[in-house]
Amino acid sequence: MFDLVTKVHDETRQGESFAPFAQDPTAYKRRFYIESYGCQMNFSDSEIVASILQQDGFGATRNIEEADLILLNTCSIREKAEQTVRKRLTEFKKLKKQKPAMLVGMLGCMAERLKAKLLEEERLVDLVVGPDAYRTLPALIVEAVSGQKGVNVLLSRDETYADIAPVRLNSNGITAFVSIMRGCNNMCAFCVVPFTRGRERSRDAESIIKECQELVAAGYKEVTLLGQNVDSYYFVPEADGKAVTFASLLEQVAIISPQLRVRFSTSHPKDITDDVLHTMAKHHNICKYIHLPVQSGSTRILGLMNRNYSREWYMAKIDRIKEIMPGCAISSDIISGFCTETEEDHQDTLDIMKYAKYEMSYMFFYSERPGTLAQRRYEDDVPLVTKKRRLQEIVDLQGKLSHQSNKEDLGKTFEVLIEASSKKSDKQWMGRSSQNKVIVFEKGNATHNPGDYVQVKVIDCTQATLIGEIVNY
Ligand code: 5AD
Ligand code: SF4
């Protein structure tokens, strides 16, 4: 069976290798090993890559020693992400010496950003394949086997891999990611994504619904619809010409089964509509949780970042969410020390965090990326020590906000989807509430299984976790 728990957006997953553990009776002649870095989109892409490779006769392995092909699905979002991958590459040197026929491939955003330059800089690498070129992997592997390095970093305007059924690699059999769009048109000044993942395009709605239906049939209980900017999802089917917006897609997925939880990520504050909020409110199984990155609390900095909203506009959006869904949890991404950021701007960020009362945030200091608008237009002028100090203040505040939010849940009862035994004890279950909070509770004598919904009352909490007990109704 499956042995690892898929978590939503988890730093500790970086570089995780994975392979399906369901007994696969096929006797593969060749094996591939894949590690993923970066965002959920990359983890989801690795499942598409696995599907393409399986069709080509490659079986997945988690044992790097038996691999004929090692793939790193890389991220470029911050300099550190790239350094991590470079370091990992040096660890393959010995392996390659022992097994010269083994191929090493770089996929994803770093492949796209550095292109053939990667081959010059990293002699070990045989394949460089960008996010829109995975269908050409089999042909590139043939080239690489014959000694020619294989590169394809062409970006596409329409590739969505809609027809490819992802091989669920690291699945607990309960929660799965479903990619609904690719690329990004937003051009946030700090961000490399528009350059590495290309123009925004939406996947055929029918293929999304079909994939979700198949997941339900296979016993899955939760899907997370993925895209860089899900709220600008827009698809017009040829059949009836009736446009599908994100709100209508969300609804179509929600009505597949009341037993299926629906999540989505990421929302851009400028694009999330009342329609989406009302659809969320209408369906019990659409989780009451929105990841709504603010990036900065200063209107001036938001302008420089090209985020297309002001501090006030963002605050009004928070009000609107709470008005339509009073119990809805909100999380954020925050960057400290963007170009020209003053102490006053930084205070604005701390203030907006308090206003939004984020349940959780992903927090970073600004890392200049080559080719981005910010790199071309502005000076990266906030000293590293200042960036780090401000980041620490943001992290400390978020810790307090998370703890406060958890304390407010004491005594409340939540519907929890059991995902697995808790890491600390197999006498306890671990699951999540609709608000995406992790809840740990004693299994007791009841015979529950992963994938079951249970009512859990919160009796204690830490900053990161709720501790509960099953309530019998
Ligand atoms: N430096 C720091 N953080 C960044 N992010 C994106 N680009 C950068 C950068 N150059 C953060 C943003 C984004 C998240 C995925 O990563 O907060 O929402
Ligand atoms: Fe990293 Fe962004 Fe690429 Fe995801 S889309 S892998 S976060 S650079």
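- Of all heavy-atom pairs spanning F43 and C39, the tightest one is CD1-O, 3.2 Å.
- When all heavy atoms of T160 and S202 are compared, the closest pair comes out as CG2-O, 3.8 Å.
- Listed by first and then second residue, the salt bridge (Lys or Arg N to Asp or Glu O under 4.0 Å) pairs that reach into residues 458-468 come to none, sequence neighbours excluded.
- Between R432 and E222 there is no salt bridge, since no side-chain N of the basic residue sits under 4.0 Å from a carboxylate O of the acidic one.
- Considering only heavy atoms from C-beta on, R261 stays 4.5 Å or farther from K221 through its side chain.
- Without hydrogens or angle criteria, N406 side chain to T462 main chain gives a donor-acceptor distance under 3.5 Å.
- S44 and S179 share no donor-acceptor pair across their side chains, judged by distance under 3.5 Å alone.
- More than 12 heavy atoms of other shown residues, nucleotides or ligands fall within 6.0 angstrom of atom CZ in F195.
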Would you check, one step at a time, whether the test side-chain contact (heavy atoms from CB on, under 4.5 Å) holds for E112 with R197? CA-CA 8 Å; E112 190 62 51; R197 288 191 165 265; over 6 Å; no

Show your reasoning for whether side chain to side chain donor-acceptor pair (under 3.5 Å) applies to S248 and K242. CA-CA 11 Å; S248 53; K242 274 196 201 137; over 6 Å; no

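- Every residue two or more places apart in sequence or in another chain was checked for a ring pair (Phe, Tyr, Trp, His ring centres under 6.0 Å) with F58, and none qualifies.
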side-chain contact (heavy atoms from CB on, under 4.5 Å) assessment of L127 paired with L107: CA-CA 8 Å; L127 292 162; L107 314 177; over 6 Å; no

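- Counting heavy atoms from C-beta on, the side chains of V454 and F441 come closer than 4.5 Å.
- Using a 4.5 Å cut-off on side-chain heavy atoms (C-beta onward), F338 and Q295 make no contact.
- The shortest distance between side-chain heavy atoms of M305 and S296 falls below 4.5 Å.
- Using a 4.5 Å heavy-atom cutoff, the side chains of V49 and V129 are not in contact.
- Remark: side-chain polar atoms of T299 are paired, donor with acceptor, to backbone N or O of R311 under 3.5 angstrom.
- With hydrogens and angles left out, the side-chain atoms of Q40 and T224 include no donor and acceptor closer than 3.5 Å.
- Using modelled atom types, one finds a donor on one side chain and an acceptor on the other under 3.5 Å when comparing S298 with D345.
- Residues C184 and Q228 share a closest heavy-atom pair of CB-CB, 4.0 Å.
- A distance-only check finds no donor-acceptor pair linking the side chain of Y37 to the backbone of S76 [under 3.5 Å].
- Here F190 pairs with nothing under the ring pair (Phe, Tyr, Trp, His ring centres under 6.0 Å) rule; sequence neighbours left out.
- Using a distance-only test at 3.5 Å, with no hydrogens or angles considered, a donor-acceptor pair links the side chain of S425 to the main chain of K427.
- Residue pairs satisfying the ring pair (Phe, Tyr, Trp, His ring centres under 6.0 Å) criterion with at least one member in residues 254-277, sequence neighbours excluded, are listed as follows: F246-F264, H268-Y309.
- For residues 206-218, the pairs satisfying salt bridge (Lys or Arg N to Asp or Glu O under 4.0 Å) are R168-E211, R203-E211, K210-E214, with sequence neighbours left out.
- Between S422 and V440, the shortest heavy-atom contact is CB-CG1, 4.0 Å.
- Annotation: side chain of I394 is in contact with side chain of H346 (closest heavy-atom distance under 4.5 Å).
- No side-chain heavy atom of C109 sits less than 4.5 Å from a side-chain heavy atom of V192.
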Can you check side chain to side chain donor-acceptor pair (under 3.5 Å) on D271 and N229, steps first, answer last? CA-CA 8 Å; D271 294 321; N229 184 11; 3.0 Å; yes

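- Taking CE of M430 as the start and CD of E419 as the end, the distance is 4.0 Å to the nearest 0.5 Å.
- Between E159 and R182, no side-chain nitrogen of the basic residue sits less than 4.0 Å from a carboxylate oxygen of the acidic one, so the salt-bridge criterion is not met.
- Checked by atom type and distance alone, the side chain of N172 pairs as donor or acceptor with a backbone atom of T175 at under 3.5 Å.
- For K457, the NZ atom counts as loosely surrounded, since its 6.0 Å shell holds 12 or fewer non-hydrogen atoms of other residues, nucleotides or ligands.
- Summarising the geometry of P269 relative to R307, their closest heavy-atom pair is CD-NH2, 3.6 Å, with the distance given to 0.1 Å.
- To the nearest 0.5 angstrom, C212 atom SG is 6.0 Å from L225 atom CG.
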Walk me through it: do S331 and E359 pass the test side chain to side chain donor-acceptor pair (under 3.5 Å)? CA-CA 6 Å; S331 62; E359 266 68 26; over 6 Å; no

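- Panel note: side chain S434, backbone K288; a donor-acceptor pair is recorded below 3.5 Å.
- For NZ of K357, the number of neighbouring non-hydrogen atoms (other residues, nucleotides, ligands) closer than 6.0 Å is 12 at most.
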Can E47 and S51 be said to form a side chain to side chain donor-acceptor pair (under 3.5 Å), step by step? CA-CA 6 Å; E47 300 188 328; S51 179; over 6 Å; no

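- In this structure, S332 contributes its side chain and V294 its backbone to a donor-acceptor pair below 3.5 Å.
- The local environment of CZ in F365 is sparse, with at most 12 non-hydrogen atoms from other residues, nucleotides or ligands closer than 6.0 Å.
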Show me the donor-acceptor pairs within less than 3.5 Å that the side chains of residues 314-329 make with the rest of the protein, sequence neighbours left out.
{"from": "Y314", "atom 1": "OH", "to": "L292", "atom 2": "O", "distance (Å)": "2.6"}
{"from": "Y314", "atom 1": "OH", "to": "Y358", "atom 2": "OH", "distance (Å)": "2.8"}
{"from": "K317", "atom 1": "NZ", "to": "I272", "atom 2": "O", "distance (Å)": "2.9"}
{"from": "D319", "atom 1": "OD1", "to": "Y355", "atom 2": "OH", "distance (Å)": "2.6"}
{"from": "D319", "atom 1": "OD2", "to": "Y355", "atom 2": "OH", "distance (Å)": "3.0"}
{"from": "R320", "atom 1": "NE", "to": "D274", "atom 2": "OD1", "distance (Å)": "3.1"}
{"from": "R320", "atom 1": "NE", "to": "D274", "atom 2": "OD2", "distance (Å)": "2.9"}
{"from": "R320", "atom 1": "NH1", "to": "E323", "atom 2": "OE2", "distance (Å)": "2.8"}
{"from": "R320", "atom 1": "NH2", "to": "D274", "atom 2": "OD2", "distance (Å)": "2.7"}
{"from": "K322", "atom 1": "NZ", "to": "C328", "atom 2": "O", "distance (Å)": "3.3"}

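- Here the straight-line distance linking atom CG of N42 with atom OG1 of T196 works out to 8.5 Å at 0.5 Å rounding.
- Annotation: H278, atom NE2; neighbour count of heavy atoms from other residues, nucleotides and ligands within 6.0 Å is above 12.
- Rounded to the nearest 0.5 Å, atoms OH (Y134) and OH (Y161) are 6.5 Å apart.
- Side-chain contact check for Y220 and S171: at least one donor-acceptor pair (N or O, by modelled atom type) lies under 3.5 Å.
- Closest non-hydrogen pair, L466 versus C461, comes out as CD2-CB, 3.9 Å.
- Counting heavy atoms from C-beta on, the side chains of S421 and W429 come closer than 4.5 Å.
- Screening L154, N152, I52 against T136 for a side-chain contact (heavy atoms from CB on, under 4.5 Å) leaves a single residue, N152.
- Remark: D204 CG to D163 CG distance equals 10.0 Å, nearest 0.5 Å.
- Here the CD1 atom belonging to I256 is positioned 5.0 Å from the CD1 atom belonging to I209, to the nearest 0.5 angstrom.
- Proximity of a side-chain donor or acceptor of T279 to a complementary backbone N or O of D275 within less than 3.5 Å is detected.
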